[in-house]
Each structure stands twice: as C-alpha cells, then as structure tokens.
Participant: 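Here's a structure for you.
Residue numbers begin at 1 in each chain, while the letters A, B, ... track the order of the sequences.
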Amino acid sequence: MSWLDALLRWFDEHGRKYFWRFSNDWYVTIVAEIMLVRTRATTVERVLKDFLARFPTPRDLCNASDEDVVPFFKRLGLIKRSSWVRKIVCTILEKYGGSIPCSEEDLEELPGIGRYLKNVILTKLCSIPRPFVDTNVLRVLSRYLGRDLDVDSAERWLSENVPPNLLYKTNLALMDVGAVLCLPREPRCSSCPLRDWCRYAEQCS
DNA sequence: ATCCTGACTA
DNA sequence: TAGTCGGGAT
C-alpha cells in the first residue's frame with residue numbers, strides 16, 4: 001500500500017461530493033470556482049444553487065447586470081467577484097463562441113483567473129492535467145514532507161510524484177484531507193490516511 | 001480571533 | 001513583495 005493508494009482509497013470513501021465536481025459544464029465550473037476563492041465549499045454550495053436557479057444559462061448571466069449579481073456575492077464576501085464572473089462568461093460567449101479557451105494566454109487574460117484557477121480549468125475543462133495548489137494542499141504537503149513548501153515546489157512535487165491520470169483525483173483528495181483532517185490548528189492525524197508516511201504525524205497528538 | 005479550493009493592485 | 005478584499009463558519 002503506497003501513500004497514493006491510501007489517499008485515493010480514503011477519498012473514495014470520505015471525499016466530499018459537491019455537485020460541481022461531477023459537472024463538466026464550463027458555465028457551472030466557472031461560477032463555482034470563482035465562488036470558491038477563499039470561501040468555504042459548504043457556504044458556496046447553498047449560494048451556487050440559488051445563483052444557477054436565477055441565472056440558468058451563461059446567456060442569462062451575461063444579459064444581466066452587475067447589480068443583479070452582487071447580492072449573491074454579498075453572501076460570500078469578496079464582492080468584486082460579481083463583476084469578474086459576469087465578464088468571464090460574457091467573454092467566453094462573445095469572443096470564444098461559447099466554448100472555454102484552453103490556451104494559457106487566453107485564460108490568464110480573464111479577470112479573476114490566476115495561477116490556481118487556470119490550472120483547475122485546464123484540468124477539468126480542457127483535459128490537460130495540472131497540479132493546483134491552494135492553501136490546503138500547501139499545508140498538507142508541507143507537513144507531509146516536513147518542510148515549508150512554496151507553490152512552485154508543491155506543484156513540482158505533485159508533477160513528479162503523481163501519474164497524470166491520477167493528478168485530478170489526488171489534488172481533490174489532498175484538498176479534502178486539508179479541509180477535514182489536516183486542519184491548521186488541531187489536525188486529526190490519527191484518522192489521516194497519510195499518517196504512516198507523514199513527517200508531521202510523528203509529532204502529532 | 002482565525003480561516004476559507006486566490007487574485008489583484010500598487 | 002505586501003496589503004487588500006469580505007462575509008460566514010468555528
């Protein structure tokens with residue numbers, strides 16, 4: 001049993017089943033991922049359902065105004081995202097003919113899409129597996145390896161230690177481990193699937 | 001008080 | 001590179 005087998009097995013059993021994870025629709029993915037920026041997934045889950053009921057299609061959102069979108073982000077914080085998400089969706093409709101652009105240059109031009117979200121989109125919508133490192137993944141891997149990583153080294157480590165076809169699932173698993181077990185303050189090491197290989201688990205109560 | 005699937009601005 | 005955005009859950 002390798003660390004990767006243990007992690008993926010844990011994910012199959014305990015991984016969070018957020019509905020956007022099972023959607024390959026670019027519109028649902030874009031709105032979800034923008035809402036998830038620095039925002040808890042359980043909070044996003046409620047707001048996103050209301051949002052998609054109000055704006056069922058990308059055209060509905062693009063035809064609306066920023067003022068129509070603001071109330072949803074008032075519930076989440078980081079209100080500037082309400083103009084970002086509408087700008088992104090309108091750009092995809094009008095400039096890219098209603099399909100997601102899959103070049104890194106085009107994605108980086110979209111407002112609100114930085115290094116992390118670009119890698120998520122390439123993975124989910126473009127079938128180009130990339131590591132995506134958020135604060136959870138950075139904390140989990142730093143503890144696991146026993147040294148403080150930056151985003152560059154964390155992405156490199158994932159690329160070198162996870163087969164591309166398992167990268168997406170592994171990334172999600174690391175995020176869930178970070179959100180559920182490998183907490184910033186009181187990590188639950190005894191329940192962690194990585195405890196047998198983790199440098200931090202040795203000194204963890 | 002701290003943290004959440006970061007990105008933007010200066 | 002640091003400061004800022006932000007309401008909500010714990």
Participant: Do the side-chain sulfurs (SG) of A:Cys198 and A:Cys192 come closer than 2.5 Å?
Facilitator: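 Cystine link not detected, SG atoms outside the 2.5 Å cut.
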Participant: Any side-chain heavy atom of A:His14 within less than 4.5 Å of one from A:Leu181?
Facilitator: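 No; the side chains remain at least 4.5 Å from each other.
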Participant: Report yes or no: is there a donor-acceptor pair, N or O only, under 3.5 Å between the side chain of A:Thr39 and the base of C:dG7?
Facilitator: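 Donor-acceptor pair under 3.5 Å: no.
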Participant: Tell me which of A:Thr43 and A:Val37 sits closer to the 5' end of DNA chain C, going by the nucleotide each one is nearest to.
Facilitator: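 Result of the comparison: A:Val37.
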Participant: Check whether any side-chain nitrogen or oxygen of A:Arg40 sits under 4.0 Å from OP1 or OP2 of B:dG6, and answer yes or no.
Facilitator: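 Negative; the distance criterion is not met.
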Participant: Would you call the rings of A:Tyr18 and A:Trp20 parallel, tilted or perpendicular, where under 30° means parallel and over 60° means perpendicular?
Facilitator: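 It falls in the parallel class, under 30°.
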Participant: By nearest nucleotide on DNA chain B, pick out whichever of A:Arg185 and A:Arg21 is the more 5' one.
Facilitator: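 Residue closer to the 5' terminus by nearest nucleotide: A:Arg185.
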Participant: Does A:Arg75 pair with A:Asp50 as a salt bridge, N-O distance under 4.0 Å?
Facilitator: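 A:Asp50 and A:Arg75: salt-bridged.
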Participant: Take atom CE of A:Met175 and atom C1' of B:dC4, then tell me their distance rounded to the nearest Å.
Facilitator: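 Result: 10 Å.
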Participant: Side chain of A:Pro184: nearest nucleotide among C:dG6, B:dG6, B:dC4?
Facilitator: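 Of the candidates, B:dC4 comes closest.
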Participant: Is there a residue in residues 135-147 of chain A whose heavy atoms reach under 4.0 Å of DNA chain B, and which residues are they?
Facilitator: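 The stretch gives A:Thr135, A:Asn136, A:Arg139 as the residues lying under 4.0 Å from the strand, ordered by number.
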Participant: For A:Arg46 and A:Leu76, take the nucleotide of DNA chain C holding the closest heavy atom to each; which residue's nucleotide lies nearer the 5' end?
Facilitator: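 Nearest-nucleotide comparison on DNA chain C picks A:Leu76.
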Participant: Which pair of heavy atoms, one from A:Val140 and one from A:Gly178, lies closest together, and at what distance?
Facilitator: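 Result for this residue pair: CG2-CA, 3.5 Å.
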Participant: Check every strand shown and say whether A:Leu172 touches a base, only sugar-phosphate, or nothing at a heavy-atom separation below 4.0 Å.
Facilitator: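 The answer is nothing, as A:Leu172 stays clear of every strand by at least 4.0 Å.
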Participant: State which of B:dT2, C:dG6, B:dA7 makes the closest approach to the side chain of A:Arg115.
Facilitator: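 Shortest atom-to-atom distance from the side chain points to B:dA7.
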Participant: Please tabulate the protein-to-nucleotide N/O contacts below 3.5 Å involving nucleotides 8-10 of chain B, giving atom names and distances.
Facilitator:
from  : atom 1 : to       : atom 2 : distance (Å)
B:dC8 : OP1    : A:Gly112 : N      : 2.6

Participant: Strictly under 2.5 Å separating the two SG atoms? Check that for A:Cys182 and A:Cys189, please.
Facilitator: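 No, no disulfide: SG-SG not under 2.5 Å.
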Participant: Can you tell me how far C1' in B:dA7 sits from the matching atom in C:dA9, rounded to whole Å?
Facilitator: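 Looking at atom C1' only, B:dA7 and C:dA9 are 23 Å apart.
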Participant: Any idea which heavy atoms bring A:Phe11 and A:Ala173 closest together, and the distance?
Facilitator: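 The pair with the smallest heavy-atom distance is CD1-CA, 3.5 Å.
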Participant: Please give the distance between the C1' atoms of C:dT1 and B:dC4 as a whole number of Å.
Facilitator: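 Between the two C1' atoms, the distance is 23 Å.
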Participant: For the pair A:Trp157 and A:Trp3, name the ring-plane relationship: parallel under 30°, tilted 30 to 60°, perpendicular over 60°.
Facilitator: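 Judged by the thresholds at 30° and 60°, the geometry between A:Trp157 and A:Trp3 is tilted.
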Participant: Which part of the nucleic acid, if any, lies within contact of A:Arg75, taking any heavy atom under 4.0 Å across all strands shown: a base, the sugar-phosphate backbone alone, or nothing?
Facilitator: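 If one applies the 4.0 Å heavy-atom cut-off, A:Arg75 turns out to touch the sugar-phosphate alone, with no base involved.
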Participant: With the threshold set at 4.0 Å, does a side-chain nitrogen-carboxylate oxygen contact exist between A:Glu109 and A:Lys95?
Facilitator: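 Looking at A:Lys95 together with A:Glu109, the answer is yes, because their closest N to O distance falls below 4.0 Å.
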